[in-house]
Protein chains: 2
Amino acid sequence: MNTKDRILQAALRQFNAIGTGQATVRSIAAEAGISHGNLCYHYKNTDELIEALYLQLAGRVAPYAQMAFSEGISLEGVFGQAWQTFGLLYQYRFLLIDFVQITRRLERMKQNFQQLMDVRRQQFLYGFKQLEEQGEMKPEPLPGHYELLITNLLIVGNNWISEAEVQFGDKGDAVVAHYHRAMMALFVPYLTPKGLRAYQALTADDGAYGGKADKPLR
Amino acid sequence: MNTKDRILQAALRQFNAIGTGQATVRSIAAEAGISHGNLCYHYKNTDELIEALYLQLAGRVAPYAQMAFSEGISLEGVFGQAWQTFGLLYQYRFLLIDFVQITRRLERMKQNFQQLMDVRRQQFLYGFKQLEEQGEMKPEPLPGHYELLITNLLIVGNNWISEAEVQFGDKGDAVVAHYHRAMMALFVPYLTPKGLRAYQALTADDGAYGGKADKPLR
DNA sequence: TTAATTTTAGAACAAATGTACTATATTTGA
DNA sequence: TCAAATATAGTACATTTGTTCTAAAATTAA
């Protein structure tokens, strides 16, 4: 593997373990097994590493984000897309945990993210419409209600990892399953009987996303 | 005002403005108009300042937390308690924004917070039962569903400020109203017709928590 | 009043860190 | 093959920061 990749890998491990504020060019270079002079030759400073990893993650999430709310999406599709995305986000969890601090310095990342959230909002709205047409989701109970629901979905989607870090520490897959299950539950009261049957099948003990989520985490 | 209080005030302002990672004993002392030697005489380091402010916040939130889910609570009571708490959290927003980084160093705070979340969870469950008895809330649609809902409520309650910081920056009251409105909407699909009427009265343009939330924030 | 205590400012120092620079070593391409 | 380029290790330096120490100033209490 080439040096740039080894650096990124070491940076990712260390950012996740101790946060972007504690990791330095020297500590990351040590983890990668190279000199810090060499690291700075490839990446001027830690901010460049953060940005590179952000772009890496964005590139890996994009396919799922596209797929998620394409035409004819079903509740099962939403589950699957969220599951894949949750897994990826967890691999790059330092980005979500340190996001505010990072975007205070990297204005470009902040604006990129704001645009991304606007797109997500549209995708959610469109996805809801699709699910309604599939007969899995009901129309919104009050005017403008789905806008508010989406606000909550975005908060949960962006911050479950911070919550997990404080509540459970570094428990890997079990944590991902736990919060995926929780977020998906936000759909329940808006589902039609048909949608609810799909939900119950997916979350059943022998379903694709059931059972394993409920082991005690602490 | 005595020196200790002036220090805490300066620290709070600076933590909120630039984060706990950027503020130093020297910068805070400068903001308070004293020497850093003097600051260290009162508080050994920034961690002691963080802990002092955390305790200050905990003391100010406690009354609302108690009141929130006492016997015979109504939806209106829930709205009011959340409103008060949201306002207080916003004043100490650095704590929520930097919480993961902080608790990595201050194990005691982390454990205190974990216990607090356990209590909150019980309070929510009890509160739901109260609202059901008042005839404002329906029983859970699926077994264990309210546990999952509470997980989401806690994530939103603890992280709306981080989301606000990235999305809107420092917009004060308007931001608080915006996210309060969003979080309260999570109750909607579980409300009885009676509960829904209460909700609509509270969020009406001329209601206690209506209107003002919907000015554009960006 | 005056001695003890508390508070304050500032200096001093070591450790850490970002940044730049230098000198080899390695790889590439003609 | 061999010159040009790229990559690497290590050094050097200025800054920042936490921490400790000293001495002066202010306050307190007898």
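All values below come from the heavy atoms of this structure, side chains included, with hydrogens, waters and symmetry mates left out. Here is how names work: the chains are called A, B, and so on, in the same order as the sequence lines, proteins then strands, and each is numbered from 1.
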Is it true that the side chains of A:Y126 and A:Q130 contain a donor and an acceptor less than 3.5 Å apart? yes
Give a yes-or-no answer on whether the side chains of B:Y90 and B:D170 include a donor-acceptor pair shorter than 3.5 Å. yes
How are the rings of B:Y179 and B:F168 set relative to one another: parallel (under 30°), tilted (30 to 60°) or perpendicular (over 60°)? tilted
Expressed as a whole number of angstroms, how long is the span from [X]:[atom1] to [N]:[atom2]?
X	N	atom1	atom2	answer
A:R6	D:dT8	CZ	P	8 Å
A:L39	D:dG10	CG	P	14 Å
A:N38	C:dT26	CG	C1'	12 Å
A:I7	D:dA7	CD1	P	11 Å

Given [N], is OP1 or OP2 found less than 4.0 Å from the side-chain N or O atoms of [X]?
X	N	answer
B:H42	C:dT8	yes
B:T3	C:dT7	no
A:Y41	D:dA7	yes

Among A:F187, A:F128, A:F124, exactly one meets ring pair (Phe, Tyr, Trp, His ring centres under 6.0 Å) together with A:Y146. Which residue is that? A:F128
Within the 4.0 Å limit for protein heavy atoms, which parts of nucleotides 13-28 of chain D are touched? Write it as a string from 5' to 3', B for base, S for sugar-phosphate only, - for none. ----BBBS--------
With a 6.0 Å cut-off on ring centres, are A:H145 and A:Y190 close enough? yes
Taking the six-membered ring for Trp and the full ring for Phe, Tyr or His, determine whether the centres of A:F99 and A:F113 are under 6.0 Å apart. yes
